[in-house]
Amino acid sequence: MKKLLDDPSQAVTDSLRGFGLAHADQVSVHHEPNYVVRAGGTPPGQVAVVSGGGSGHEPLHAGFVGAGMLDAAVPGEVFTSPTPDQVLAAVQAADAGAGVLLIVKNYTGDVLNFETAAELAEAEDVETTSVLVNDDVAVEDSLYTAGRRGVAGTLFVEKVAGAAAARGDSLAQVTALAERAASAVRSMGVALTACTVPHVGKPSFDLGEDEVEIGIGIHGEPGRHRVTASGASDITRRLVDSVLDDIELAEGARVLLFVNGMGGTPASELYVVYGIARQMLVDHGAQVERSLVGSYVTSLEMQGVSVTVAVLDDELIELWDAPVRTPALTW
Amino acid sequence: MKKLLDDPSQAVTDSLRGFGLAHADQVSVHHEPNYVVRAGGTPPGQVAVVSGGGSGHEPLHAGFVGAGMLDAAVPGEVFTSPTPDQVLAAVQAADAGAGVLLIVKNYTGDVLNFETAAELAEAEDVETTSVLVNDDVAVEDSLYTAGRRGVAGTLFVEKVAGAAAARGDSLAQVTALAERAASAVRSMGVALTACTVPHVGKPSFDLGEDEVEIGIGIHGEPGRHRVTASGASDITRRLVDSVLDDIELAEGARVLLFVNGMGGTPASELYVVYGIARQMLVDHGAQVERSLVGSYVTSLEMQGVSVTVAVLDDELIELWDAPVRTPALTW
Amino acid sequence: MRQAASDLKAGRDELTELDRRIGDGDHGSNMDRGFTAVVAKLDDAGSPETVGQVLKLVATTLMSTVGGASGPLYGTAFLRASKVVDRATVDPACLVSLAEAATEGIVARGRAHVGEKTMIDAWQPAVEAAEQAAGSGDVLDVLRAAAEAAEAGAVATIPLVATKGRASYLGERSAGTEDPGARSTAMLLAAAVTAAEEVAG
Amino acid sequence: MRQAASDLKAGRDELTELDRRIGDGDHGSNMDRGFTAVVAKLDDAGSPETVGQVLKLVATTLMSTVGGASGPLYGTAFLRASKVVDRATVDPACLVSLAEAATEGIVARGRAHVGEKTMIDAWQPAVEAAEQAAGSGDVLDVLRAAAEAAEAGAVATIPLVATKGRASYLGERSAGTEDPGARSTAMLLAAAVTAAEEVAG
Ligand SMILES: Nc1ncnc2c1ncn2[C@@H]1O[C@H](COP(=O)(O)OP(=O)(O)O)[C@@H](O)[C@H]1O
Ligand SMILES: Nc1ncnc2c1ncn2[C@@H]1O[C@H](COP(=O)(O)OP(=O)(O)O)[C@@H](O)[C@H]1O
Ligand SMILES: [Mg+2]
Ligand SMILES: [Mg+2]
Ligand SMILES: [Mg+2]
Ligand SMILES: [Mg+2]
């Protein structure tokens, strides 16, 4: 394992320190417990939007703290949910009197820790709501699983919720819009290589020389099945087909197409995938109204890609287009 | 070799197609020959800033086409300079009557092809100047080499020149500022892994399990020497020391610190390196006035990092801070 | 607790390997981080008076250092257990109600039942064995019975297909690997036995 | 030219491997792409009247398809050579001035001299050998002499330390590998011999 880290057990803290120094104009980093808030705090009277989860998905979530998106982010250890007291501290720091929306990716650990934090926040008289993101179509949402995971679609939910809060919506309104965004978004990912958690020191799974793993999550966990690597078109088709199987796309539906790199994928390859996925959506009768291409929701240095499709309406488009100024997303 | 590509010989074109579709609001992609211009073109009467070089360094250069930075980019094949006719076509498309500055990274291939293109442009009555970027301190600039290479510092030169052009400077002024930026910037890089050129199909060099290659360029070429991997602090120290050995930093000097990922490096590791490098500069008496952290000048999927330091003055700070709206850099 | 911490440190790579196969490879370091913190907290705390106080300290420390799914689950378990003993020593009956409370806490938070390939598959048989042993044996007998049952319960998760937690994403592919949380439960109870044996001399 | 294209296709991996070791691993595909395009252009062009016209077509095609350092260098070489022959066939003297012009073109663009571990280390001895052979032999003799000298010149680059081009970044580490551009020059001239032998029957 070769990584640009010193002590693996301090990796998250060391990285956050550098992040805070590099973006001091936009964020403030708090240590013990670790959390990140907007420089200057949530504007008074505005609903605070807070998210978090295990580290290793950078820039998610801390990179999206800033005007128009998140008011605080809570990074756990690598691929490990943050603890309730950490979440509570971030919630208290972000609350500006109008309540706090918690955006939680659907993993048992995140759900349990945020749930506990919400109970603690209630005891401290901070009003919270929470929205689960579960966009990963690789997992069947059934009695036999912990439910679909939250993956790259989280970015969409965070952007929409942050924009709603920024325009002055109430906690109930922001929550409802975040729910709507969460139910409009679906994703499917593939890994070309595994990733290595620093304190584990070896890859999270073993892939053959020309195998790819279809239906991966974002925690280096193995996926749905393995196939022999077979070029961008074949791989992209599998991803987009899975998404289209799950989502109902009316003829002429307006969509956001988000092609996300898993951390070690060159930008050039993401654009190749984007071109293929876009053509498939167009062939399916959809209108690709908005696009995002980049490595935003990652699994450390994993090579791979996920394709996210969100069905848009006028309001979601307005919220997506609203200005955002954060370390990792700005327009 | 596992890559999200179809036909390797079409990789550059396929990727550019996707790039053009994803960013149609900011850029227009031209094929046969391949080049990228600003959507809507260079504003009339404004100096055009054009750069280019081999592909595989994305988002450099095409990702920096847009308001406040480049007016055109010319991507060659992977790690191969673009051809003179390609450069000429881009120059002609970008020229808005005030002349064209060519920003050329110092490689024999780029120099020869851009030189030939400039001769062809002259024959077509388009005025051009050119500025060489040679910020890589890994290479001794002497009779015994082709001179220092242009690496991540190119981004700084392109940003400064683009801002100068945007505020209406003449070709001579833009050229002088680009020269000043080029002479103020130094970089040094390290690779943890090699990269694989698509049509070659095997890694550009072979590194042992715990070796890193110090002093790499951005073309997958081997570097100055190999050392046993030894953590972020040790590696960063080697990079920053090399830069500081080369650049003259007065006590209290104001600098830009740019930590650049080589394509396959997780953002979290870049921030660890940033924190260490920043501390070293501060210890050296410098003031880190501006920062940039991200994978902007890459070598395909290579894992590694480069550290760039630019000495700033009021005018360079003003030009760095000036608004920029491109697919890969926006503020 | 110190025994648990050192056993978990020793078992760290095993837990991590299990979690690497059917989860995300962090269970070993999560437990190690948590119990290392517990030991530090106990060192600071001097000697708390009751077993309940010790358990509460363990609960809050695990809750604030482990993270992941196992953090709130073990945290809740120890918290619930801490509420049923306010004495300095435990007798067999007390031990049983302690184990029952812990298991109920895990079920309340995680909503898992026996057979879903989680730590419950070690806790539930441990509780039942403790209940049986409490009729005839002393504290050490009860602990041994619980630990043996947890061990058997953990091993029995190997062929199961997970329907709760991260391993459930793998569906059929989760069969064939022991559940990391069930294994760490077995380790914890085995550590309790070792510690109790030492006290007993 | 067709012979050159097929030899370069065959030699592609060898050139790439050399360039991978002391450059950036693209020389093989650069040359292959260029000469594949040349063949296509020649097919389109029908039969040009003079050798000069053929060479000019080759020059502009290489210039617009090869890229890298070798593109403008080979392009300039063929362009300069095209200017010295306006006939349909060549005699020994003409061949010599053609080779001289090509080499001068490469030097004019690339400013490299013999011993800097570039393609010049193949071209320069080739020119000298051609000059010598032109006194006594026919076209085929001259070509053979040039090709042999280029071959020897290419091999002689192995121990050299590069001071021009991408390999110069490696300093001492560039010694021990043949220069890819010198190798492709030797391949080109060898292809010319093969083609001429075929014509001669
Ligand atoms: N709903 C649940 N109820 C009980 N135990 C659970 C549940 N979900 C997960 N677990 C336990 O947690 C263990 C995983 O813990 P850990 O690896 O620390 O957390 P994470 O899965 O968040 O990475 C599993 O092996 C399982 O025993
Ligand atoms: N200044 C120069 N003069 C002559 N030949 C040169 C010069 N620089 C490089 N070359 C030749 O070009 C070859 C490399 O070509 P190629 O790999 O296609 O381009 P690049 O180096 O841009 O990747 C070298 O092996 C060398 O023979
Ligand atoms: Mg985890
Ligand atoms: Mg090249
Ligand atoms: Mg785990
Ligand atoms: Mg080359």
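Letters A, B, ... mirror the listed sequences (proteins, then strands); counts begin at 1.
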Next item on the list: Select, from A:Gly215, A:Ser204, A:Ser9, A:Pro33, the one with the greatest count of heavy-atom pairs under 4.5 Å involving chain C.
Entry: A:Ser204
Item checked: Gap separating the CD atom of C:Glu14 from the CG atom of C:Asp19, nearest 0.5 angstrom -> 12.5 Å
Note to self: Ignoring hydrogens and geometry beyond distance, is a side-chain donor-acceptor pair present between A:Asp6 and A:Gln10 at under 3.5 Å?
What the structure shows: no
Note to self: Tell me every residue that passes ring-ring contact (aromatic ring centres under 6.0 Å, His included) with C:His113, counting only those two or more places apart in sequence or in another chain.
What the structure shows: none
Next item on the list: Check each atom of C:Ala167 against the heavy atoms of chain A and say whether the ones under 4.5 Å are side chain, backbone, both or neither.
Entry: neither
Checklist line | Option that, when pairs with chain C are counted at under 4.5 Å, heavy atom only, ranks first among A:Asp206, A:Asp136, A:Asn113 | finding: A:Asn113
Check: So what's closer than 4.5 Å to chain A heavy atoms on C:Thr76: side chain, backbone, both or neither?
Finding: neither
Next item on the list: Determine yes or no for a side-chain-to-main-chain donor-acceptor pair under 3.5 angstrom, with A:Asn260 supplying the side chain and A:Tyr296 the backbone.
Entry: yes
Note to self: Can you confirm whether A:Glu122 is buried at CD, in the sense that more than 12 heavy atoms of other residues, nucleotides or ligands lie under 6.0 Å from that atom?
What the structure shows: no
Next item on the list: Could you list the residues that satisfy ring-ring contact (aromatic ring centres under 6.0 Å, His included) with A:His219, not counting sequence neighbours?
Entry: A:His57, A:Phe79, A:Tyr107
Next item on the list: Assess whether atom CD of C:Glu131 is packed by more than 12 heavy atoms of other residues, nucleotides or ligands within 6.0 Å.
Entry: yes
Next item on the list: Specify which of A:Pro84, A:Gly217, A:Gly220 makes the most heavy-atom pairs with chain C at under 4.5 Å.
Entry: A:Pro84
Check: With sequence neighbours excluded, what pairs up with C:Arg144 under the side chain to side chain donor-acceptor pair (under 3.5 Å) test?
Finding: C:Glu197
Item checked: cation_pi(A:Arg149, C:Tyr169) dist<6.0 Å, angle<=45 -> yes
Checklist line | Region of A:Asp85 that comes under 4.5 Å of a non-hydrogen atom in chain C | finding: side chain
Check: If you count heavy-atom pairs under 4.5 Å between each of C:Pro72, C:Gly165, C:Gly23 and chain A, which one has the most?
Finding: C:Pro72
Checklist line | Which atoms of C:Arg33 approach chain A - backbone, side chain, both or neither, heavy atom under 4.5 Å | finding: side chain
Notebook entry, point to check: Does a side-chain N-to-carboxylate-O contact under 4.0 Å join C:Lys9 and C:Asp32?
Noted result: yes
Notebook entry, point to check: Using non-hydrogen atoms only, which part of A:Arg148 is less than 4.5 Å away from chain C: side chain, backbone, both, or neither?
Noted result: neither
Notebook entry, point to check: Is a donor on one side and an acceptor on the other found under 3.5 Å between the side chain of C:Ser70 and the backbone of C:Val66?
Noted result: no
Next item on the list: Just give me the residue among C:Ser168, C:Ala112, C:Gly171 that pairs up with chain A most often, heavy atom to heavy atom, under 4.5 Å.
Entry: C:Ser168
Notebook entry, point to check: Side chain, backbone, both or neither: which part of A:Glu77 has a heavy atom under 4.5 Å from chain C?
Noted result: side chain
Notebook entry, point to check: Which bit of C:Asn30 comes within less than 4.5 Å of chain A, counting heavy atoms only: side chain, backbone, both or neither?
Noted result: side chain
Next item on the list: Find the one option among A:Thr145, A:Thr108, A:Asp110 whose heavy-atom pairs under 4.5 Å with chain C are most numerous.
Entry: A:Thr145
Checklist line | Winner by heavy-atom pair count (cut-off under 4.5 Å) against chain A, out of C:Asp24, C:Ile22, C:Thr16 | finding: C:Asp24
Note to self: Please classify the contact between C:Val161 and chain A as side chain, backbone, both or neither, with a heavy-atom cut-off of under 4.5 Å.
What the structure shows: neither
Margin query: Please report the interatomic distance OG1(A:Thr265) to CD(A:Glu301), rounded to the nearest 0.5 Å.
Written below: 11.0 Å
Check: Hey, which of A:Gly223, A:Gly147, A:Gly53, A:Gly76 has the most heavy atom pairs under 4.5 Å with chain C?
Finding: A:Gly223
Checklist line | Heavy-atom closest contact (C:Arg183 atom, C:Ala154 atom, distance) | finding: NH2-CB, 3.8 Å
Notebook entry, point to check: Could you name the residues of residues 191-203 of chain A that have a heavy atom within less than 4.5 Å of a heavy atom in chain C?
Noted result: A:Val197, A:His199, A:Val200, A:Lys202, A:Pro203
Notebook entry, point to check: From A:Glu115 CD over to A:Leu102 CG, what is the distance, rounded to the nearest 0.5 angstrom?
Noted result: 11.5 Å
Next item on the list: Please determine, among C:Gly28, C:Ser64, C:Ala69, C:Gly25, the option with the most heavy-atom pairs under 4.5 Å with chain A.
Entry: C:Ser64
Check: Roughly how far, to the nearest 0.5 Å, is the CZ atom of C:Phe35 from the CG atom of C:Leu62?
Finding: 4.5 Å
Next item on the list: Identify which of C:Arg111, C:Met63, C:Arg21 forms the greatest number of heavy-atom pairs closer than 4.5 Å to chain A.
Entry: C:Met63
